[in-house]
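Data first, discussion second: the structure below is written as C-alpha cells.
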Amino acid sequence: MSRKKLISQGIESQSIGDFFAAEKKFRRALSIDPKNVETLHLLGNLRHIMGDNTEALNLLYQGFRETPNSPLLLKDLALILASDGQVNRSIQFLKTALKFEPEDVDLLNGLAIQLKLIGNISEAKLNLEKATSVNKDSFSSWYNLGNLCLIQDELTDAQHAFLRALQLSPKNIDVTINFAIVLVRIGSYSKAEKILTEALIIEPNNPTALNNLGNLYRQLGRSQKAIKCFKKAISEAPEVVDIQYNYGQALCDENRVQEARSQFSIVVAKQPSFIKAHWAEKLSLPTIYSSEKQILEERYRWKNGLKNITENLVLDSSEKISASLNTISELTNFALPYQGKDDLKLQNIYGNLIARIANAAFPNIEPLGRIKKMSGYQKKIVFISAHFRPHTIFKLFSAWLIQLGSPQCEIHALNTAEYGDREIIQLKAAGVIVHVDCHALANKIERLVTLQPDVIIFTDIGMDPVTQVIAGLRLAPQQSVAWGHPVTTGMPNIDSFLSSDLMEPIDGNLHYSEKLVRLPGLSINYKMPNMRHPRTVSLDNPILFCSQSLFKILPSQDVFFSRLLAELPKASLRLVAHDNKAITQKFHSRLKLALEKDKIN
C-alpha cells in the first residue's frame with residue numbers, strides 16, 4: 001500500500017477517534033519514507049494528542065530539520081513545546097513562524113499567550129492588538145486581549161475588548177464572567193449583577209459565575225445571598241479552594257467568625273501554600289462582640305496568630321513573595337483598634353510585617369534622601385488615599401489638598417481604589433494633579449518612584465489594603481499619615497502622625513510609633529453642609545441619636561445607653577443600621593439584653 005493511501009486511512013481513523021489505528025497507518029507510512037515531513041508532522045501531532053510529548057517533539061524536530069521554513073510545522077512545534085512547559089523555546093519557534101506568516105492570527109495569539117507567561121505583557125499586548133487589526137472578527141484575539149488588559153487593570157481597554165468578544169459570541173459564559181469583573185472594578189455593580197444573573201440562566205451551575213456573583217454580593221453587603229452562591233459553587237467545584245476561601249469571608253461578614261475559621265482551616269489543609277487563608281484563619285475578628293470577655297479572648301487569639309505568622313513567614317522564592325503580597329493586598333487589621341485597647345505593640349509587629357513583605361516584593365526601590373531645599377524649589381507633596389469619593393475621609397481632609405497649594409508646593413493626589421468623578425473634578429479645579437490612570441499596585445508604585453515626591457501624606461492607613469502595602473515602602477524622604485484611621489500604624493517607614501491637638505491627651509505621644517504632630521484645633525477645615533431648619537422637638541419626648549458605626553460601640557458602652565434612657569424614660573434612641581442586617585441584629589440583641597437588665601423597653 002502506498003504512503004499516500006496509508007496517510008489517508010490514518011487521517012480517517014484519527015477523525016473518528018481511533019488513535020491506535022491511525023498511529024499504525026502513520027508508522028507504516030513513515031517506514032516507507034522516514035524523512036517525509038508530512039508523515040512526521042501527522043504522527044508527531046497524534047503522539048501529542050495521545051499524551052507522549054517526548055516522541056511528538058522528536059518527530060516534529062525531524063520534520064523541522066528537513067523543512068525549516070514550514071509555518072504550520074513551526075506553529076505546531078511551538079504549541080507542543082508550550083504544553084510541555086518549554087516556554088522560551090516555544091516563543092522562539094512562534095517568532096520564526098511569524099516571519100513567514102506575519103498576519104497569522106493563530107500565531108499572534110499563541111505568541112501573546114507565551115509572552116504573557118514570562119511576564120512580557122507589553123509585547124504580548126502588541127501581538128494581540130495586531131491580531132485584532134488583522135481580523136476584527138477574531139473572537140479569540142479580542143478575548144485574549146481583554147484578559148490581558150484585565151490583569152493589568154487597564155479597565156477601559158478590557159471593557160472594549162470584552163464587548164467586542166461578546167458581539168462575536170453573545171452567549172459565551174467565560175467572556176461574560178470576565179466582563180462582569182471589569183464592571184465591578186469600575187463600579188457598575190447593577191450591570192455586573194444583571195449580566196452574571198443572565199449568565200447563570202444559560203449555565204445555572206457554572207461555579208465561576210456563582211463565585212463572582214457571590215463576591216459581588218459581598219461587596220454590596222448582601223452576605224446571605226453571597227453565602228448561597230458560594231455554597232452552590234462549592235457543590236459544583238469542591239476542589240476550587242478560592243471559592244471555599246470566599247465562603248469563609250462571607251461568613252465573617254455575617255459575624256459567624258467561628259464557622260469562617262473552620263472554613264479557612266479546611267482551605268489551608270487542602271492547600272498549605274494558600275497564605276491568604278492561613279492569615280484569615282489566624283487574624284479574623286468579629287464585627288460585633290457579645291461581651292468584654294469575648295474581646296479579651298479574641299485579642300489573645302489574634303496576638304498569638306500574628307506571632308505565628310511573623311515567626312513562620314518565609315520569603316525565599318518569588319512564589320512565596322507573590323502569595324504574601326497578594327495577602328496584604330487584600331487583608332488588613334482594620335478591626336483590631338475597635339477592641340478599645342492599647343495597640344502600639346501589636347501595631348509595631350504588624351507594621352513591620354507589612355514592610356518586610358512589601359520590600360521583598362519591590363526590592364529595587366532605592367532609599368531617598370532629604371527634602372530638597374534649593375532656592376525657588378517647589379516641593380512636591382503627594383496625598384494617597386482610597387477615598388477620593390463620597391466618603392467621610394474625603395469630607396474630613398479634602399481641604400488639606402485644595403487649600404495647601406502654593407508657589408512653594410505642588411499638590412498631587414494618587415488614588416488606591418475607586419474614585420468619584422465629582423470629587424476628582426473638585427480636586428482638579430483647585431489645581432491638584434490627580435493620578436487615576438495607574439490601576440495596578442505595581443503601576444502606582446512606579447508612578448510614585450517617577451514623581452520623586454518630597455512628602456507623602458496618607459489620609460489613613462489600615463482601612464485599605466493597597467494603601468498599607470505602599471505605606472510599607474520608603475518612597476519619599478518624609479512620609480506622614482493623617483488620623484483617618486486614628487491608630488498608630490507601627491510602620492517603620494511612616495515618620496509622623498498628623499493628629500488634632502484637641503483630640504490628644506497630654507501623653508498622647510506614648511500611643512504612637514510615629515512622631516506625633518499636634519495640629520491646631522480639630523486639624524481640619526470641615527465644610528459644613530447646608531442644614532434644614534431643625535424641627536421643634538418636645539423636650540418631654542426627646543429623640544436621642546448616636547451617629548457612630550455599630551461595630552465601634554463596645555459592650556462596655558451599652559450601660560451608657562441604659563443609664564441615659566433610665567434618666568430619660570420618655571426618650572427614644574436611634575442608631576445607624578449596618579449595611580449587613582446580620583450585624584445590625586447582633587448589635588440589637590446585645591443592646592436589648594443590656595437594657596432589659598435595667599428594665600428598659
Side-chain angles (χ1 to χ4, degrees), residues 79 82-83 87 90 105-117 119 121 124-125 127-219 225-226 228-247 326 439-440:
L79 294 175
S83 71
V87 177
S90 172
V105 170
D106 290 337
L107 287 172
L108 289 166
N109 272 276
L111 179 57
I113 290 168
Q114 299 311 306
L115 289 167
K116 174 185 165 187
L117 289 175
I121 303 299
K125 188 177 180 183
N127 279 277
L128 289 172
E129 287 173 340
K130 183 176 180 180
T132 57
S133 65
V134 168
N135 183 357
K136 291 181 171 57
D137 295 330
S138 169
F139 167 79
S140 59
S141 301
W142 287 110
Y143 178 54
N144 289 334
L145 180 59
N147 287 334
L148 194 71
C149 293
L150 179 57
I151 290 169
Q152 289 298 103
D153 266 346
E154 297 171 355
L155 301 181
T156 302
D157 290 345
Q159 187 176 9
H160 171 70
F162 286 139
L163 278 171
R164 181 65 184 132
L166 280 172
Q167 288 172 352
L168 297 166
S169 181
K171 293 186 178 181
N172 187 290
I173 196 83
D174 295 322
V175 182
T176 301
I177 289 168
N178 289 353
F179 180 45
I181 293 173
V182 175
L183 292 173
V184 169
R185 291 192 186 175
I186 63 175
S188 296
Y189 300 127
S190 58
K191 192 172 181 180
E193 182 182 2
K194 181 175 181 289
I195 69 166
L196 283 172
T197 304
E198 290 172 351
L200 286 165
I201 293 172
I202 300 169
E203 288 189 31
N205 300 321
N206 186 291
T208 306
L210 287 163
N211 180 52
N212 286 11
L213 184 57
N215 285 331
L216 174 57
Y217 282 144
R218 276 198 67 217
Q219 221 166 327
K225 280 192 170 185
K228 287 181 181 178
C229 288
F230 293 137
K231 279 185 171 180
K232 188 172 181 181
I234 290 168
S235 70
E236 296 297 327
E239 74 284 357
V240 182
V241 293
D242 287 274
I243 301 175
Q244 295 177 327
Y245 169 80
N246 293 335
Y247 174 46
N326 288 337
H439 299 286

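Note that the structure is a prediction, hence the values are computed from the model and not measured. All heavy atoms count here, side chains included; hydrogens, waters and symmetry mates do not.
Summarising the geometry, atom CZ belonging to Phe139 is positioned 8.5 Å from atom CG belonging to Asn144; distances are rounded to the nearest 0.5 Å. Between the OG atom of Ser138 and the CG atom of Asp106 there is a distance of 7.5 Å, given to the nearest 0.5 Å. Rounded to the nearest 0.5 Å, atoms NE2 (His160) and CD (Glu154) are 13.0 Å apart. Note that CD1 of Ile195 is 11.0 Å distant from CG of Leu200, once rounded to the nearest 0.5 Å. To the nearest 0.5 Å, the span separating CG on Asn127 from NZ on Lys125 amounts to 13.0 Å. Interatomic distance, Cys229 SG to Ile243 CD1, rounded to the nearest 0.5 Å: 11.0 Å.
Side-chain contact between Lys228 and Leu210: absent, with no pair of heavy atoms (C-beta onward) separated by less than 4.5 Å. In this structure the side chain of Thr176 never reaches within 4.5 angstrom of the side chain of Phe162, judged on heavy atoms. No side-chain heavy atom of Asn135 sits under 4.5 Å from any side-chain heavy atom of Ser141.
In terms of heavy atoms, Leu145 sits closest to Glu129 at CD1-CG, 4.2 Å. Between Ser90 and Ala82 the shortest heavy-atom distance is OG-CB, 3.6 Å. Nearest heavy-atom pair, Pro207 versus Ala233, reported as atom, atom and distance to 0.1 Å: O-CB, 3.7 Å. Contact detail for Ala209 and Leu196: the closest heavy-atom pair is O-CD2, 4.3 Å.
At a threshold of 4.0 Å, the pair Lys194-Glu198 counts as salt-bridged, since one of the basic side-chain nitrogens sits closer than that to a carboxylate oxygen.
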Show me, pair by pair, the donor-acceptor contacts under 3.5 angstrom made by side chains of residues 212-219, not counting sequence neighbours?
{"unit_1": "Asn215", "atom_1": "OD1", "unit_2": "Asn246", "atom_2": "ND2", "d": "3.4"}
{"unit_1": "Asn215", "atom_1": "ND2", "unit_2": "Asn211", "atom_2": "O", "d": "3.4"}
{"unit_1": "Tyr217", "atom_1": "OH", "unit_2": "Glu193", "atom_2": "OE2", "d": "3.3"}
{"unit_1": "Arg218", "atom_1": "NE", "unit_2": "Asp253", "atom_2": "OD2", "d": "2.6"}
{"unit_1": "Arg218", "atom_1": "NH2", "unit_2": "Asp253", "atom_2": "OD1", "d": "3.3"}
{"unit_1": "Arg218", "atom_1": "NH2", "unit_2": "Asp253", "atom_2": "OD2", "d": "3.3"}
{"unit_1": "Gln219", "atom_1": "NE2", "unit_2": "Tyr189", "atom_2": "OH", "d": "3.4"}

Side-chain donor-acceptor pairs under 3.5 Å in residues 165-175, sequence neighbours left out?
{"unit_1": "Gln167", "atom_1": "OE1", "unit_2": "Arg164", "atom_2": "NH1", "d": "2.9"}
{"unit_1": "Asn172", "atom_1": "OD1", "unit_2": "Asp174", "atom_2": "N", "d": "3.0"}
{"unit_1": "Asn172", "atom_1": "OD1", "unit_2": "Val175", "atom_2": "N", "d": "3.0"}

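Using modelled atom types, one side-chain atom of Trp142 and one backbone atom of Lys136 make a donor-acceptor pair closer than 3.5 Å.
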- prompt: How far apart are the C-alpha atoms of Asn109 and Val105, what are their side-chain angles, what is the distance that settles it, and do they pass the side-chain contact (heavy atoms from CB on, under 4.5 Å) test?
  reply: CA-CA 6 Å; Asn109 272 276; Val105 170; 3.4 Å; yes
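Applying the side chain to side chain contact (heavy atoms under 4.5 Å, CB included) rule to Thr156 yields no partners; only residues at least two apart in sequence or on another chain are considered.
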